[in-house]
There are 2 protein chains.
Amino acid sequence: MSISDEFAFIKEIQPDRLFHEEKIVGIGDDAAIIGMEEGFEKIVCVDTMVEDVHFTRKTMSPFDIGYKSLAANISDVAAMGGIPLYYLVSITIPKHWEQKDLKEIYKGMKALGDKHKMDLIGGDTTSGKVLVVSVFVIGKVEQGKRLLRSNAQQGDVVFVSGTLGNAAGGLDILLHNNEPSLFLVEHHQRPTPQVELGRILSKFERVALNDVSDGLSSELLEIAESSKVDIFVKKEIIPVSKELTRYNDEKAFHWGMTGGEDFELVGTISADGWPELAEECRKAGIQITRIGNVRHGSGQLYLESETGVQQIQKEGYNHFNRR
Amino acid sequence: MSISDEFAFIKEIQPDRLFHEEKIVGIGDDAAIIGMEEGFEKIVCVDTMVEDVHFTRKTMSPFDIGYKSLAANISDVAAMGGIPLYYLVSITIPKHWEQKDLKEIYKGMKALGDKHKMDLIGGDTTSGKVLVVSVFVIGKVEQGKRLLRSNAQQGDVVFVSGTLGNAAGGLDILLHNNEPSLFLVEHHQRPTPQVELGRILSKFERVALNDVSDGLSSELLEIAESSKVDIFVKKEIIPVSKELTRYNDEKAFHWGMTGGEDFELVGTISADGWPELAEECRKAGIQITRIGNVRHGSGQLYLESETGVQQIQKEGYNHFNRR
C-alpha cells in the first residue's frame, strides 16, 4: 500500500461533478443526505467482492473489479424494477496494491455509474490483508411497486432475459488460459445489469423477479420457494449463446443452469401479460425467452426434456461450499 | 469457518421482528425497499472495521465488534442531526472464525440497534482471509436540515459533548494489560453515539457539527477548513474524565485532543444560541462544554493556554499513517 495519506486519496477519487446535484448534500461530511422524491420509494442493497474469492489479479483487471462490483448492485436494483441513483464504496486495501490500480477500481465503477447517471456519495477506506470492495447502492422505484420473488402464481409464464452461462464460460477461459472468446470473457468481467428490462417489467401488474447472480436453477428455486409454487422449465429452451456452445458444447447447458453472475433477469408474469411483455421487449431490442410455467405446488423446480422430467435441487453458487 | 451453508447462516441472523415493519419490504429479496416519509430526507453512511487494524481478538469480543461497528455509523447519523432507522451488513468471514462468534457479532449490533429501534434490512456474506465488517446505515432528518461542518461562522461558540480521550485510554489499558478501568474500556469497546444531542442540535437554526471519530483536533480542523474560519480552543477547558487522569495524568490531555473513537459531538453554534443549547442539554442530562470560539481566518486551529497560543496541525487518526 503506497498511500501515505488516506484523506488525499479520498480527494483524488471524489467525483468532480454530480448528476443529482440538487438532491444531495453532505458528501465528504459525516454522512450524505439524499432528498426525497414525491411518488418514489428508495431501494437499498449491498454486494461485496473479495480478492482470491470472487476474483484474482489474473481473472480481473482493477478496472473490471470496480465495474463488476457496481454492476452486481445495479442488477439487484434492476431486479426490483428500480432506477439506480447513488453508491457508496467501502474499500479495504492491502499493502501490495498500488495507488494507480486503486484508482482504476474507481474508474471502473465510474464508467458504469456514468452510464446510469449514478453519483458516488460516500465511502470508507481502510487497510487490510486482502482487497475487499463493498458497494452499497441506493435506487428508487415508484411507490407501492413490488417485484418480489414471492409474487409468482399458478398459471404464470416463466421468462429469462439474454443468454445464460456466458460469465461461467468466460471465467473458465481465464482460469485455464484457453483461447479467448471476447464475448464470454466480457460477460464475466463487465456484466451488463438489465435496468431497462426491469423498468419495462415494473409497468406490469404482478411480476416475480430475480437477477441471475447465483445461477438460473438457484434463482428459480428461490422464486418457487418464496411463492410456494412449483416451476417447470423446458431444457431445450434454456437460452445459451452460440459463443458458449462453440467454446464448450458439453458444459454449455450446465453453465446455463448453474453458472451465475450473468445478471440477466428471470421471473414470472401472468399468461395474459406475457404477449405484451414479449412485444415491449421486441420493440426495445431486449432478448427475452419463455422457458416454462408455474404450477400449483410447494416450492419445487422441475426440468422437462424429451427424456422425461427431472427435479432440480439447489446447486447454485455458494461461497462457502465452493472453497 | 465452520459454516457449511451461507443461506442457513443468513436465516439464523435474520431478525424475527421489525420496528418499522409497515415501511419496509423486500428483506431477503434482491434488495430492500424503504418507504418515504413526508417531510424527511434520508441520511446514508458506511463504516468498516477490519481485524488486526481496528481491533484484535484481544481488545474486542465479537459482541463488541458488532456493537462498535454499528455505533460508528449511528454516530455519523447523529452528527447530521438525524434519527437512525436501518442497517445493512456486509461481512467477510475467515475460516478461523466460528459460527457462534459470528452470531455474537450480530447480537452486538442488535443490542445497540434495538436501543435505537433500528432494523437490519439486508447484507452480504463472503469468505476471506481476515474479518471485515462493513455496516451501512440509513437514517432520516427533517427536510432541509443541514448540520454540515461548513456551517461555522465568526463569533460562534465551539462546544463538545461528554469527556474526551476515554476510548484511547481504554485501548491503552487493553494493549498493555494494565489494571482495567471499566469506564475507559467500555468507552473503547461499546461507545455511545450521541443521537439525543444530535436531535437537540437539529432544532437550532445553524450548527456546524462533527462526531469525534478521528480525534478532537482533527474534527475541529475539518470544521475550520470547511467553514474557512479559524478556531480557538482553551487547553484548560478540554473536558477529560477523572477516570482518564487517574489512569494516566500525563497522557490524558494528549488522548483528549487526538484519541478518536469517542463518538462525542463537537461543533459550533451562534453565541445567541449557546445559552439555550446549554439549558436544553442541562435538562436532558447531557454534558456539554464550551471550549472556545470561532474567529475570522483561513482554516486554522489554535490552542490557547496560560503559556501562550499554539497552532495545531492535523494529527488525528489516519489508518495508513498509523500502521
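What you see is a predicted model, and the numbers here were worked out from it, not measured in a lab. Every chain is numbered from 1, with letters handed out A, B, ... down the list of sequences.
Most heavy-atom pairs under 4.5 Å with chain A: of the set B/Val132, B/Asp76, B/Leu147, this distinction falls to B/Asp76. With chain A as the partner, the residue from B/Gly28, B/Ala31, B/Cys45 showing the most heavy-atom pairs under 4.5 Å is B/Ala31. Top candidate by heavy-atom pairs under 4.5 Å with chain A, chosen from B/Ala32, B/Ser90, B/Ala79, is B/Ala32. Chain A forms more heavy-atom pairs under 4.5 Å with one residue of B/Glu38, B/Met80, B/Lys23 than with any other, namely B/Met80.
Between A/Tyr86 and A/His20, the angle of the ring planes goes over 60°, which puts this pair in the perpendicular group of the 30/60° scheme.
Using a 4.5 Å heavy-atom cutoff, the side chains of B/Met118 and B/Leu70 are in contact. For the pair B/Leu197/B/Leu201, a side-chain contact is recorded, criterion being any heavy-atom separation below 4.5 Å from C-beta on.
A/Arg206 and A/Asn151 are not linked by any side-chain donor-acceptor pair at a separation below 3.5 angstrom, with hydrogens and angles left out of the test.
Contacts of A/Leu209 with chain B are made by backbone atoms alone, with heavy-atom separations under 4.5 Å and no side-chain atom involved. Looking at A/Met36, both its backbone and its side chain come within 4.5 Å of chain B, counting heavy atoms on both sides. Of the atoms belonging to A/Thr92, it is side-chain heavy atoms, and not backbone ones, that fall under 4.5 Å from chain B. When heavy atoms are compared at a cutoff of 4.5 Å, A/Val141 approaches chain B solely by way of its side chain, counted from C-beta outward. Both the backbone and the side chain of B/Val44 come within less than 4.5 Å of a heavy atom of chain A. Neither the backbone nor the side chain of A/Lys140 comes within contact range of chain B; no heavy atoms are under 4.5 Å apart. Residue A/Glu51 does not touch chain B at all, counting heavy-atom pairs closer than 4.5 Å.
Counted within 6.0 Å of CD on B/Glu22, heavy atoms from surrounding residues, nucleotides or ligands total more than 12; the atom is thus considered enclosed.
Rounding to the nearest 0.5 Å gives a distance of 5.5 Å between NZ of A/Lys68 and CE of A/Met49. Summarising the geometry, atom CG belonging to A/Leu88 is positioned 7.0 Å from atom CG belonging to A/Leu120; distances are rounded to the nearest 0.5 Å.
Between A/Arg146 and B/Asp29, none of the side-chain N atoms (NZ, or NE/NH1/NH2) sits under 4.0 Å from a carboxylate O, so this pair counts as no salt bridge.
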